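Being a predicted model, the structure only gives us computed values, none of them experimental. One-based numbering, in listed order, for ligands and for the atoms of each.
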Amino acid sequence: MKVTALANSNIALIKYWGRRDDQLVLPANSSISFTMDEQLSTKTTVEFANGLVSDDVCLDGRKATEKEYSRVVSFLGLVRAKTGIKTKAKVVSQNTFPKSAGLASSASGFAALAAASSKAAGLNLNEKELSMLARLGSGSASRSVFGGCVEWHAGKKKDGSDCYAEQISPPGKWRDLRNIIAISSMEEKHIGSSAAMAVTSKTSSFYSARLKSVGKRLAEMRNAVRKRDFETMVPIIMRESDSMHAAMLDSWPPVVYLNETSFRIMREVLAFNQSQGKYAAAYTFDAGPNAHVYTTAKYAEGIKRMLSELPGVMKIMECKIGEGIKFSEEHLF
Ligand code: DP6
């Protein structure tokens with residue numbers, strides 16, 4: 001059976017950085033994100049087919065690189081182990097955004113792959129189970145199973161059975177929210193997230209201080225999300241991004257993802273809030289220099305204008321809050 005699934009990327013407000021178990025991809029702390037709209041999305045078709053001698057993986061119209069191939073194949077191995085299927089699979093995947101935009105996301109990629117491959121293998125997983133499976137491909141993918149605002153629970157159990165994502169607020173409640181993305185680099189990251197978070201947790205003394213404070217920020221964020229109180233969320237979002245990047249910088253060797261333009265954007269967003277006399281916009285950065293500025297529709301044009309005038313900003317996108325995983329009958333092969 002051929003199955004096609006679509007998943008959108010997500011951008012965290014409370015970040016996942018560091019794991020309590022590498023094998024099971026159990027994070028050191030819970031995290032909260034918003035799922036983006038279809039502009040940051042992956043569509044994936046999977047078929048387990050008799051006659052294939054090896055898995056066949058095609059991404060964005062080309063053969064997967066060795067690194068991509070082995071990550072996809074080990075994920076398919078997990079699905080095979082769950083079902084007893086021995087057949088090899090054909091996987092074709094397409095991102096809506098160019099990989100070169102510096103926005104390539106393992107979150108939408110592994111959420112779509114988890115949904116398509118599990119269904120193609122005959123598994124009928126519910127969303128919670130799907131988030132647990134997607135997690136094994138990439139931690140942040142567990143959150144992309146759901147739309148709106150999503151919490152990924154770190155859990156406490158060794159076997160990971162309490163580590164899953166769930167929606168805490170549906171997308172319909174956030175029609176007014178925008179993520180203005182400012183792209184300032186299209187280069188590949190100098191170090192991948194998995195390796196970088198391992199360096200941070202092993203070497204940064206600031207990291208343990210961050211883990212102590214993140215619980216309080218999580219509770220405050222959860223509350224503010226439930227009340228749809230964006231003004232309260234704004235400073236928490238920025239401080240959380242700063243905290244993660246500070247721990248990265250405190251790592252040895254240091255992990256530096258932000259560039260000159262990222263720092264300029266941080267200053268300009270703070271100045272923008274000051275000029276409005278309120279917390280109107282919040283910057284946040286993942287494992288890369290591109291800024292995600294959360295704001296409301298009212299301020300979106302002002303933020304876009306401000307960002308477009310900054311030296312180093314190459315491209316601007318405006319995303320809304322999107323839905324969770326969807327299946328489609330329009331297959332990619
Ligand atoms: C900075 O989910 O890419 O974006 O589990 O190693 O695949 P792996 O890591 P990944 O890490 C994302 C880290 C982050 C923060 C976040 O999305 O919470």
When the aromatic ring centroids of [X] and [Y] are compared, is their separation below 6.0 Å?
X: F285; Y: H292; result: no
X: F75; Y: F110; result: yes
X: W152; Y: Y164; result: no

Heavy-atom distances under 4.0 Å decide this one: backbone, side chain, both or neither, for [X] against ligand 1?
X: S194; value: both
X: R71; value: side chain
X: W17; value: side chain
X: A12; value: side chain
X: H245; value: neither

Distance to 0.1 Å, residue and atom name: give those for the protein heavy atom nearest to [atom].
atom: atom 7 (O) of ligand 1; value: S138 OG, 2.6 Å
atom: atom 4 (O) of ligand 1; value: D286 CG, 3.3 Å
atom: atom 16 (C) of ligand 1; value: R143 NH2, 3.3 Å

Winner among [options] once heavy atoms are compared against [atom]:
atom: atom 2 (O) of ligand 1; options: S142, S140, S106; value: S140
atom: atom 12 (C) of ligand 1; options: Y16, F110, F285, W152; value: Y16
atom: atom 9 (O) of ligand 1; options: R135, K189, M197; value: M197

Subject >> Sole residue of I11, L177, N179 in side chain to side chain contact (heavy atoms under 4.5 Å, CB included) with F34 >> reply: L177
Subject >> Nearest atoms (heavy-atom pairs only) where N8 meets E323 >> reply: ND2-O, 3.2 Å
Original post:
What distance separates K43 NZ from L332 CG, expressed to the nearest 0.5 Å?
Top reply: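 With rounding to 0.5 Å, NZ (K43) is 5.0 Å from CG (L332).
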Subject >> Separation of K157 NZ from D162 CG (nearest 0.5 Å) >> reply: 5.5 Å
